[in-house]
2 protein chains.
Amino acid sequence: MLLSKSCVYGLRASLFLASNQNSEYVSIKELSKQLDISFHFLTKILQQLTAVDLLKSLKGPNGGVRLSKPGDEITLLDVVVAIDGDDLFQECVLGLPGCGREKPCPLHNIWAATRGDIREMLETNNLLDMAKKGKEGNLRITAKGDFEWV
Amino acid sequence: MLLSKSCVYGLRASLFLASNQNSEYVSIKELSKQLDISFHFLTKILQQLTAVDLLKSLKGPNGGVRLSKPGDEITLLDVVVAIDGDDLFQECVLGLPGCGREKPCPLHNIWAATRGDIREMLETNNLLDMAKKGKEGNLRITAKGDFEWV
DNA sequence: AATATTTAAGACAAGTATGTCTTAAATATA
DNA sequence: TATATTTAAGACATACTTGTCTTAAATATT
Ligand code: FES
Ligand code: FES
């Protein structure tokens, strides 16, 4: 699996928030209901995004979470790294320590190129573009596809 | 993590076997010692490769495992799919069911391209080429790098 | 000030991947 | 045939990820 489940949940929630033009706070309860993700689990994941200032959170009535900056200033890579870390882009594909330093593994060259492709894909696409794409194409970020873009 | 630990162990063992020109049986004990991988765990992983006829195994004294065909006829993808399955190349990157059918997710297009890159990298490289590369460049398939190509 | 709402934090449970150990089956050699 | 060696198979243990639940802290509203 390329991305952990936590990471996928974080991405889906971030896309939801990015579709919210005016950046109002959205409660995690609402997010978890719309996206069909366990409330408490989603809460913990979003806390990670809040911790690295990708999200802002507000407690109390009418509270919730929102993007900390415009959706076109947050790349998919930002979210992925915040949750899964950058091991995918740093570590040897064969799990050997010190990827690329001194003796690399036989797969190093081909893997370095490919992980560059993955990184570029995540880095050149931002939350707003993806949310727009989802809205315009009536695409889905839930299993049932019953999610309504706002 | 792109590949599971089982998959990585299977790949490293396969590269070792591919470096064995004459395709003699190598005992799993020897493999596990050379590659510094738990013997019993490696045994189970190699059983998976034997089950799909990538390896042949022989019990008893002088027994062990060997590639079932020349190393240039087994791609990295063959080994990866045998152990990790082809979920990586089939499933939605956001974990939604039925990737690409009817309503795709907003990341589908960019992900389809990238997973094609990954697949191509694994498909266009075979065990023999990688083993040759390892031998000629004195590269490593163990953590310490103390492995000696034969 | 009191109350309801919402995120924060952490304990705990369940599930999956990884790793260890024991016994069975097959095979070469004496 | 008897023995040693080696893979096969499966039980069991450990670690990590995922998911649930409870309590605390903050905040808007009355
Ligand atoms: S050393 Fe293995 S991928 Fe870099
Ligand atoms: S539908 Fe999400 S990657 Fe294909």
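Letters A, B, ... mirror the listed sequences (proteins, then strands); counts begin at 1.
The distance from atom CD1 of Ile83(A) to atom CG of Leu49(A), rounded to the nearest 0.5 Å, is 4.0 Å. Atom-to-atom distance recorded for Leu35(B):CG and Tyr9(B):OH is 10.5 Å, nearest 0.5 angstrom. To the nearest 0.5 Å, the span separating OG1 on Thr75(A) from CG on Asp129(A) amounts to 11.0 Å.
Between the side chains of Ser4(B) and Asp84(B), at least one donor N or O sits under 3.5 Å from an acceptor N or O. No side-chain N or O of Thr114(B) forms a donor-acceptor pair with one of Asp117(B) less than 3.5 Å apart.
For the helix from dA1(C)-dT30(D) to dA30(C)-dT1(D), the axis fitted to the five pairs at one end and the axis fitted to the five pairs at the other end meet at an angle of 0° (nearest 10 degrees).
Annotation: cation-pi pair Arg66(B)/Tyr25(B) present, NZ/CZ under 6.0 Å from the ring centroid and within 45° of its normal.
When heavy atoms are screened at a 4.0 angstrom cut-off, Tyr9(B) is found touching the sugar-phosphate backbone but no base atom.
Summarising the geometry, the separation between CD on Glu24(A) and C1' on dA28(D) is reported as 16 Å, rounded to the nearest angstrom. For Leu42(B) and dT18(C), the CG to P distance is 14 Å, given to the nearest whole Å. With rounding to whole Å, Glu30(A) atom CD is found 15 Å from dT5(C) atom C1'. Whole-Å rounding puts the Ile83(B) CD1 to dA17(C) P distance at 14 Å. Atom OH of Tyr25(A) and atom P of dT5(C) are 20 Å apart (whole Å). Here the P atom of nucleotide dG10(D) and the CD atom of Gln48(B) are 14 Å apart, to the nearest Å. When the C1' atom of dG10(D) is taken as reference, atom CD1 of Ile45(B) falls 16 Å away, rounded to whole Å.
Considering only residues two or more places apart in sequence or on other chains, Phe16(A) meets the ring-ring contact (aromatic ring centres under 6.0 Å, His included) condition with Phe147(A).
Looking only at side-chain heavy atoms (C-beta outward), Cys99(B) and Glu91(B) stay at 4.5 Å or farther from each other.
Listed candidates were dG19(C), dT20(D), dT5(C). Nearest to the side chain of Phe41(A) is dT20(D).
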Distances under 3.5 Å only, N/O to N/O: pair up the protein atoms with those of nucleotides 7-9 of chain C.
residue	atom	partner	partner atom	Å
dT7(C)	OP1	Ile28(A)	N	2.6
dT7(C)	O3'	Ser57(A)	OG	3.2
dA8(C)	OP1	Ser57(A)	OG	2.7

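Closest heavy-atom contact between Pro104(B) and Leu139(A): O-CB, 3.3 Å.
Side-chain N/O atoms of Ser6(B) include one lying less than 4.0 angstrom from OP1 or OP2 on dT18(C). The shortest distance between the side-chain N/O atoms of Asn62(A) and the OP1/OP2 oxygens of dT27(D) is not below 4.0 Å.
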